[in-house]
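Remarks on the structure that follows.
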Amino acid sequence: MITGDNPLTAASIAAEAGVDDFIAEATPETKLKRIREEQAKGHMVGMIGDGTNDAPALAQADVGVAMNTGTQAAREAGNMVDLDSNPTKLIEIVETGKQLLITRGALTTFSIANDVAKYFAILPAMFGTLYAISGGAGPLAKLNVMHLASPQSAILSAVIFNALIIIMLIPLALRGVRYQAVGASYLLRRNLAIYGAGGIIAPFIGIKIIDVLISTLGLV
């Protein structure tokens with residue numbers, strides 16, 4: 001906590017707020033210097049302020065949050081304005097930002113894995129009749145491990161599956177992936193296991209089910 005108040009007042013507020021360390025009687029230059037020192041160490045710095053004296057530090061910080069009840073200079077210097085004027089919301093802001101990044105990464109991982117697996121699923125069926133003799137199955141038909149009915153049904157199944165999977169991903173994109181206060185390596189491994197592996201497995205299961213339905217109904 002950095003404040004322009006006297007040390008006694010600063011110590012009382014810090015103790016009440018549960019802050020471990022504080023700087024009292026700080027000038028705008030003092031606040032700016034401290035933020036630059038932390039940034040020089042490679043730290044990401046978030047700053048919350050409401051006064052004109054906080055404006056330089058808010059502008060310098062990586063994330064500057066100005067209170068809605070603060071001065072115009074503070075609101076203009078910050079990256080965002082807290083309409084509720086609640087300093088403790090900085091933790092929620094960080095968590096929300098991390099959740100957005102995790103959700104975007106999870107959806108990207110799933111989409112890439114899904115596209116790769118989808119082509120591995122349908123390409124063997126599409127080229128199964130290539131180099132065929134007398135209209136029979138060609139040598140590449142052995143690669144059709146999913147035993148899709150025909151190239152036409154394989155393509156149609158992939159198109160239907162792709163449309164369905166986009167609809168199914170909308171709730172996940174709106175809700176977001178649940179954020180946990182754990183290490184980045186654990187989150188990476190978990191998301192790769194869930195969304196990477198899920199993106200690979202889902203097309204094989206989904207396309208096969210749709211292909212069976214299409215063949216049974218005689219749509220192709």
Side-chain angles (χ1 to χ4, degrees), residues 42 44 46 62-63 65 79-80 89-220:
M44 295 282 290
D62 297 290
V63 178
V65 182
N79 302 109
M80 58 187 72
K89 291 184 66 177
L90 181 60
I91 298 176
E92 296 180 17
I93 293 172
V94 174
E95 290 182 352
T96 301
K98 288 184 177 180
Q99 185 180 25
L100 289 174
L101 290 176
I102 293 171
T103 302
R104 184 173 64 181
L107 291 174
T108 302
T109 301
F110 183 89
S111 298
I112 294 175
N114 177 73
D115 288 340
V116 172
K118 184 169 56 182
Y119 290 118
F120 274 102
I122 67 173
L123 286 178
M126 291 173 58
F127 295 107
T129 57
L130 194 64
Y131 307 119
I133 300 176
S134 301
L140 295 180
K142 295 180 180 179
L143 299 177
N144 184 16
V145 294
M146 294 179 61
H147 302 290
L148 300 180
S150 66
Q152 293 80 6
S153 67
I155 295 174
L156 182 58
S157 299
V159 171
I160 295 175
F161 172 80
N162 196 54
L164 293 176
I165 203 67
I166 291 175
I167 296 174
M168 294 174 62
L169 288 176
I170 291 177
L172 176 63
L174 293 176
R175 184 180 68 252
V177 178
R178 186 169 60 90
Y179 168 72
Q180 290 180 315
V182 295
S185 59
Y186 172 79
L187 286 176
L188 178 61
R189 291 195 302 269
R190 188 194 69 175
N191 288 342
L192 285 176
I194 296 175
Y195 301 101
I200 293 175
I201 296 172
F204 289 95
I205 298 175
I207 290 175
K208 179 61 178 178
I209 293 174
I210 297 172
D211 179 76
V212 171
L213 293 175
I214 290 175
S215 301
T216 302
L217 296 175
L219 299 179
V220 176

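Interatomic distance, Asn191 CG to Tyr186 OH, rounded to the nearest 0.5 Å: 9.5 Å. Atom NZ of Lys98 sits about 9.0 Å away from atom CG of Leu187, to the nearest 0.5 Å. Within the model, atoms CG of Leu213 and CD1 of Ile160 stand 9.0 Å from one another, a figure rounded to the nearest 0.5 Å. Atom OG1 of Thr108 and atom OH of Tyr195 lie 12.0 Å apart (nearest 0.5 Å). Between the CD1 atom of Ile170 and the CD1 atom of Ile165 there is a distance of 11.5 Å, given to the nearest 0.5 Å.
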Expected list for residues 199-210: side-chain donor-acceptor pairs under 3.5 angstrom, two or more places apart:
residue, atom, partner, partner atom, Å
Lys208, NZ, Met146, O, 2.8
Lys208, NZ, His147, O, 3.2

Give the table of side-chain donor-acceptor pairs shorter than 3.5 Å for residues 118-126, with sequence neighbours excluded, one pair per line with atom names and distance.
residue, atom, partner, partner atom, Å
Lys118, NZ, Asp115, OD1, 3.4
Lys118, NZ, Asn162, OD1, 2.9

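For Arg190, the side chain to side chain donor-acceptor pair (under 3.5 Å) test picks out Gln180, with sequence neighbours left out. Annotation: side chain to side chain donor-acceptor pair (under 3.5 Å) contacts of Asn79 (sequence neighbours excluded): none. For Ser153, the side chain to side chain donor-acceptor pair (under 3.5 Å) test picks out Ser150, Asp211, with sequence neighbours left out.
Checking each of Leu192, Asn114, Leu188 against Thr109 for a side chain to side chain contact (heavy atoms under 4.5 Å, CB included) leaves exactly one that passes, namely Leu192.
Contacts classified as salt bridge (charged side-chain N to carboxylate O under 4.0 Å, His left out) and involving residues 162-175 (residues at least two apart or in different chains) are not found.
Counting heavy atoms from C-beta on, the side chains of Val63 and Met80 come closer than 4.5 Å. For the pair Val177 and Ile194, the minimum side-chain heavy-atom distance is 4.5 Å or more. Contact of the Leu100 side chain with the Thr103 side chain is not registered, since no non-hydrogen atoms from C-beta on lie closer than 4.5 Å.
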